[in-house]
Amino acid sequence: MARKLQSIRGIHDGLPAEVAKWCNIEDVARKVFASHGVSEVRLPILEPTSLFVRSVGEETDIVSKEMYAFEDQGGDHICLRPEGTAGAVRAYLQAGLTRAGAQRWFYMGPMFRRERPQKGRLRQFQQIGVEWFGVAGPVADVELLSMAQRFLNALGIEETRLEINSLGCIECRPTYHQMLVAYLQTCREQLCATCNERIEKNPMRVLDCKNKACQEQLTDAPEMVGHCCQACDTHFTGLKTGLDALGVSYTVNPRIVRGLDYYNRTAFEFVTDQLGAQGTVLAGGRYDGLVESLGGTATNAIGFAAGMERLEMLLADLKGHQLDVVVASLGDASLAYSLRVADALRQQGLAVVHAGGGAAKRQFKIADREKSRFVVVIGDDELAKSGLMLKDLATGKQDFYVLDDAIQVLSGVSMIE
RNA sequence: GUGGACGUAGCUCAAUUGGUAGAGCCUCGGCUUGUGAUGCCGGUGGUUGAGGGUUCAAGUCCCUUCGUCCACCCCA
């Protein structure tokens, strides 16, 4: 079939079955996050392009190749946000909250990156993000991670594992960088072409190269966790101790790296092997320097983002009723009455659709297809007695009720959220 | 951006060396104008993703393009 009009590549429609799962994820997020005192914020989808150049990093692919950036009619350079953290920091500063104490925020919404689409990767995708500002010690890291773990558990996603690492800070990372580059130079010949580029651009990226030949060369490579300064080391130890105390299981993976420039110290990922190459379901870390680099006073911060579509793929399709009642009317005489019955049931909070009359068989099939729990049959008899025939589709039982009694029976049975 | 696989009915898929585009499911109607299954009968539904080329003849071969999927890259 010719598709003359279609959505843009990598930008998909959210249809009812999918949106139902998103709503479920959002409900769980709101509930779990609220128990940690985290409040929802709604931030702009359009931001100044310079915001991401300054925060995410000019050299990152996200900024240099993947942003939907353009000049608007007034000549301003604006873009569709490729991620949420930078905008959150901007909003935090713009609202003047640097002296307002800790801020714990979450948001959900679309992000945009012009990548080649594949499994778990779209050009418009949804993220649920959490950003905590003004929280310094490792206790915040511990609580954020245990919250993330509880979020996944509450969704019923059990098969992820948590990997953590420390990325060091501006004190210790430069030294480590030099060591790493020096090491990589020694085996440069054996590393793949991409890794050779990474030595210049982002040497830590070599550590998580997927190429086996590269990984073989890296067995003796220096790791950040072994070369942290005292303060970073203490922080990382505090994180591990806290996770142990809460029974949050994790593995230290010294090869975890962050793609965005603003991260320091704690980096973490919840990963699964059920999503092919896009196995990261939820990831984040500390970004203590970002607020300052965007013009604010030095403010510690930590956060994460989870990909909605990736979470969704780990969830089973939702079952359950879409409707409480389908009203089937038989014969012209009772049609008006049946419409009024349908409306009366709706006023009781039930989800009701009128099947439109016609053959009883057809109307029952509609009820099945629309996943209704009950069918109310109304014909001449029911009209004459001012009542209705109520059939439970699961059990097949049906009984006659006068309208008030039927409402009584049906009250509180709504299966629809 | 690179490499590969794939686009035929609403869905899942057939169609021999190039030779009349089909099936199952779904849907709608009938058998049955008061009941969901099954059965039987019938109907709707296609410019074979789009555009161009080769040929007497193209779903099939060639080119272009759009899209989907997988991996690289990157990342949630």
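Sequence lines set the chain letters: A, B, ... in the order given, protein chains first and strands last, and positions in each chain run from 1. We use all heavy atoms of the structure for the numbers below, so side chains are in, but hydrogens, waters and symmetry mates are not.
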Would you say the side chains of N264(A) and D288(A) form a donor-acceptor pair under 3.5 Å? yes

Could you list by number each residue of residues 51-65 of chain A showing a heavy-atom separation from RNA chain B of less than 4.0 Å, or answer none if no residue does? D61(A), I62(A)

Distance to the ring centre below 6.0 angstrom and angle to the axis at most 45 degrees; does that hold for K385(A) and F400(A)? yes

Listing, residues 18-25 of chain A side-chain donor-acceptor contacts under 3.5 Å, not counting sequence neighbours, or none:
from, atom 1, to, atom 2, distance (Å)
K21(A), NZ, E312(A), O, 3.3
K21(A), NZ, L315(A), O, 3.1
K21(A), NZ, D317(A), OD1, 3.3
W22(A), NE1, E312(A), OE1, 2.8

Distance test, side-chain N/O of K210(A) to OP1/OP2 of C72(B), below 4.0 Å: yes

Consider the side chain of F125(A), meaning its heavy atoms from C-beta on, and name the nucleotide among C72(B), U38(B), A76(B) that approaches it most closely. A76(B)

Polar contact flag, side-chain donor to acceptor under 3.5 angstrom, Y92(A)-E131(A): no

Euclidean distance, atom CD of residue E66(A) to atom C1' of G1(B) [Å, nearest integer]: 10 Å

Any N or O donor-acceptor pair under 3.5 Å from the base of U35(B) to the side chain of Q398(A)? yes

What integer number of Å spans the C1' atoms of G3(B) and G45(B)? 39 Å

Taken to the nearest whole Å, CZ/R123(A) to P/C66(B) is 11 Å

Which nucleotide in the set G36(B), G4(B), C74(B) lies at the smallest distance from any side-chain heavy atom of R116(A)? G4(B)

How is the base pairing of RNA chain B summarised as a dot-bracket string, given the Watson-Crick and G-U wobble criteria with both distances under 3.5 Å, [ ] for crossing and | for another strand? (((((((..((((.....[..)))).(((((.......))))).....(((((..]....))))))))))))....

Are side-chain N/O atoms of Q149(A) and N153(A) paired as donor and acceptor at under 3.5 Å? yes

Measuring only the C1' atom in each nucleotide, how far is C11(B) from U44(B)? A whole number of Å is fine. 16 Å

Looking at Q118(A), I'd like to know whether one of its side-chain N or O atoms comes within less than 4.0 Å of OP1 or OP2 on C69(B). no

How about T272(A) and R161(A): does a side-chain donor come under 3.5 Å of a side-chain acceptor? no

Can you see if the side chain of R9(A) gets near the phosphate of U68(B) - specifically, an N or O under 4.0 Å from OP1 or OP2? yes

Which nucleotide in the set A76(B), C66(B), A37(B) lies at the smallest distance from any side-chain heavy atom of R310(A)? A76(B)

Atom CZ of R369(A) and atom C1' of C11(B): how far apart are they, to the nearest Å? 11 Å

Nearest whole Å is fine: how far is C74(B) P from K201(A) NZ? 7 Å

Can a donor-acceptor pair under 3.5 Å be found between the side-chain atoms of K361(A) and the base atoms of G34(B)? no

Minimal non-hydrogen separation, M204(A) against V257(A), with atom names: O-CG2, 3.1 Å

Taken to the nearest whole Å, CG/D208(A) to P/A76(B) is 11 Å

Measure CG/L275(A) against P/A71(B) and give the value in whole Å, please. 10 Å

What's the closest nucleotide to the A305(A) side chain, out of U35(B), C66(B), A76(B)? A76(B)

Side-chain atoms of K119(A) come closest, of G34(B), A71(B), C74(B), to A71(B)

I'd like to know if the side chain of S338(A) pairs up with that of H354(A) as donor and acceptor (distance under 3.5 Å, no hydrogens or angles considered). yes

Using only side-chain N and O atoms of R205(A), determine if any of them is under 4.0 Å from OP1 or OP2 of C75(B). yes

